[in-house]
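Encoded as structure tokens, the structure appears first; notes follow it.
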Amino acid sequence: MSLKPIFYFMNENVSLIEVEYKDNFHWLLISEKDKKITPLDFLEMGEEIVNENKIMIRKFKDGELRFDDQFGKFTFQNDGHILMSQPPSEIPEATLQNISDYLNK
């Protein structure tokens, strides 16, 4: 599989995953309830220092992710989520297969 996970954020409602697939990067929002995948339109990335903590920023057409090594705050279409940052190796195999199937369509 040429799918390479880059970032993984999750809570009980959603997962937010960045993957590299066929030399392209994809940010995907996955509903935990129905496993629906919503692609995010990436606009730009940056970083800022808040209370001596480096915060990474990813801006999307309809939202924004701000994160450090432990947590992320994700807003999307006026909906907000606090997400735990997890190692990409922790992404469930079924989720990776779902992403692969989605990207191969």
Side-chain angles (χ1 to χ4, degrees):
M1 185 186 320
S2 63
L3 183 72
K4 179 181 175 192
I6 309 295
F7 285 108
Y8 176 37
F9 302 92
M10 54 81 69
N11 67 18
E12 63 276 359
N13 298 313
V14 297
S15 292
L16 182 61
I17 299 173
E18 182 186 25
V19 296
E20 181 180 3
Y21 181 71
K22 295 185 178 178
D23 295 325
N24 291 310
F25 293 88
H26 304 270
W27 279 95
L28 305 168
L29 177 63
I30 304 171
S31 166
E32 289 302 317
K33 182 173 73 174
D34 59 10
K35 304 301 182 196
K36 180 182 177 221
I37 295 177
T38 302
L40 301 177
D41 293 324
F42 178 79
L43 298 176
E44 65 182 357
M45 63 187 218
E47 62 183 57
E48 62 184 40
I49 303 297
V50 177
N51 297 328
E52 300 180 14
N53 189 20
K54 184 166 124 177
I55 303 295
M56 305 301 291
I57 303 165
R58 301 295 186 269
K59 292 188 180 183
F60 308 99
K61 182 179 176 192
D62 294 318
E64 180 179 83
L65 171 66
R66 293 174 167 266
F67 64 96
D68 62 15
D69 291 336
Q70 297 181 332
F71 294 98
K73 180 180 179 189
F74 178 61
T75 54
F76 182 68
Q77 298 177 340
N78 300 319
D79 195 14
H81 299 276
I82 299 298
L83 305 171
M84 293 186 306
S85 179
Q86 299 289 317
S89 61
E90 297 290 316
I91 299 172
E93 196 60 41
T95 299
L96 289 174
Q97 185 61 54
N98 191 19
I99 291 170
S100 181
D101 292 346
Y102 172 81
L103 292 174
N104 277 314
K105 286 183 184 175

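Taken from CE in Met10 to OG1 in Thr95, the straight-line distance is 9.5 Å, to the nearest 0.5 Å. The structure places CG of Leu28 at 7.0 Å from CG of Leu40, a figure rounded to the nearest 0.5 Å. For the atom pair Glu93 CD and Asn98 CG, the distance stands at 12.0 Å (nearest 0.5 Å). Here the CG atom belonging to Leu96 is positioned 6.0 Å from the CG atom belonging to Leu3, to the nearest 0.5 angstrom. We find the CG-CD1 distance between Asn11 and Ile82 to be 9.0 Å, quoted to the nearest 0.5 Å.
Side chains of Val19 and Ile17 form a contact here, defined as non-hydrogen atoms less than 4.5 Å apart. Contact check for Ser2 versus Tyr21: side-chain heavy atoms found under the 4.5 Å cut-off. No side-chain heavy atom of Asn24 sits under 4.5 Å from any side-chain heavy atom of Leu103.
Phe9 and Phe42 fall within a single hydrophobic cluster, where Ile, Leu, Val, Met, Phe, Trp and Tyr are joined by side-chain heavy atoms under 4.5 Å apart, directly or via other members. The hydrophobic clustering, which links ILVMFWY residues whose side-chain heavy atoms are closer than 4.5 Å, places Phe25 and Leu16 together. Trp27 and Leu29 fall within the same hydrophobic cluster, defined by Ile, Leu, Val, Met, Phe, Trp and Tyr side-chain heavy atoms under 4.5 Å apart, directly or through other members.
Across all their heavy atoms, Pro92 and Tyr8 have their closest contact at CD-OH, 3.7 Å.
Screening residues 18-27 for salt bridge (Lys or Arg N to Asp or Glu O under 4.0 Å), with sequence neighbours left out, gives no hits.
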Let me have the donor-acceptor pairs involving side chains of residues 53-69, under 3.5 Å, with sequence neighbours excluded, atom names and distances please.
unit_1, atom_1, unit_2, atom_2, d
Asn53, ND2, Asp68, OD2, 3.0
Glu64, OE1, Arg66, NE, 2.8
Arg66, NH1, Glu48, OE2, 2.9
Asp68, OD1, Gln70, N, 2.8
Asp68, OD1, Phe71, N, 2.9

Could you tabulate the donor-acceptor pairs under 3.5 Å formed by side-chain atoms of residues 73-80, not counting sequence neighbours?
unit_1, atom_1, unit_2, atom_2, d
Asp79, OD2, His81, NE2, 3.4

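Asp34 meets the side chain to side chain donor-acceptor pair (under 3.5 Å) test with Ser31; sequence neighbours excluded. Scanning for side chain to side chain donor-acceptor pair (under 3.5 Å) contacts around Ser15 gives Glu32, with sequence neighbours left out.
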